[in-house]
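Notes to accompany the following structure.
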Amino acid sequence: MNAMRESQAFKWGIEIWGLGSMLSAPAGRGEFMFGHDGANDPAINASVHINPVTRDGIIVLVTGSRTLASQLGSDWVFWQTGLPDFLSMPGEVKRMVPSLFGIAVTILLVATIMGWRLRHSRRRRGVSPEAA
């Protein structure tokens, strides 16, 4: 059973696959949260995760949604470890992109306004921009 929880494959440098199970996140003491998620049509979704350190687990079976069970399983992994589940990372990145774009635009706008005000104040004092 322990061999199934040892990492066998990597994606983006992260240990994600054991022998037949997915390694969700480090659980401490050299162990990994492990389990499996799956979805089929018409909209059946399942998620099973086990924490070998605390010996807790969660099983979620959902109909009517292709992603709800996986999301609940990922939330449980985060609650147990404080780390995101590997499966939830692409969704989290997609969710963060608009915020990061907004922050970048705000920084650019503030820098532009500060630069304009600095040049404008130097011109009023008679200091040429080349002399500064």
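From a predicted model like this one, the values you see are computed outputs, not experimental measurements.
Ile59 CD1: 12 or fewer foreign heavy atoms inside a 6.0 Å radius.
Note on Leu61 and Val48: same hydrophobic cluster, where clusters join Ile, Leu, Val, Met, Phe, Trp and Tyr whose side-chain heavy atoms are under 4.5 Å apart, directly or indirectly. Linking Ile, Leu, Val, Met, Phe, Trp and Tyr residues whenever their side-chain heavy atoms come within less than 4.5 Å leaves Met114 and Leu109 in two separate clusters. Grouping the Ile, Leu, Val, Met, Phe, Trp and Tyr side chains by contacts below 4.5 angstrom, directly or via other members, places Trp76 with Leu68. Hydrophobic clustering, with ILVMFWY side chains joined whenever heavy atoms are under 4.5 angstrom apart, keeps Leu118 apart from Ile113. Following chains of ILVMFWY side-chain contacts shorter than 4.5 Å, one can reach Leu72 starting from Val77, so the two form part of one hydrophobic cluster.
With hydrogens and angles disregarded, a donor-acceptor distance shorter than 3.5 Å links the side chain of Arg29 to the backbone of Val53. Using modelled atom types, no side-chain atom of Asn45 and backbone atom of Ser65 make a donor-acceptor pair closer than 3.5 Å.
Here the closest non-hydrogen pair linking Gly73 and Ser47 is CA-OG, 3.6 Å. Closest of all the heavy-atom pairs between Pro84 and Ala25 is O-CB, 4.1 Å.
The distance from atom CG of Leu83 to atom CZ of Phe32, rounded to the nearest 0.5 Å, is 10.5 Å. In this structure, CZ in Phe101 is found 9.5 Å from OG1 in Thr106, a value given to the nearest 0.5 Å.
Considering only heavy atoms from C-beta on, His49 comes within 4.5 Å of Asp37 through its side chain. Looking only at side-chain heavy atoms (C-beta outward), Pro26 and Thr81 stay at 4.5 Å or farther from each other. Within the 4.5 Å cutoff, the side chain of Asp56 has no heavy atoms near those of the Ile58 side chain.
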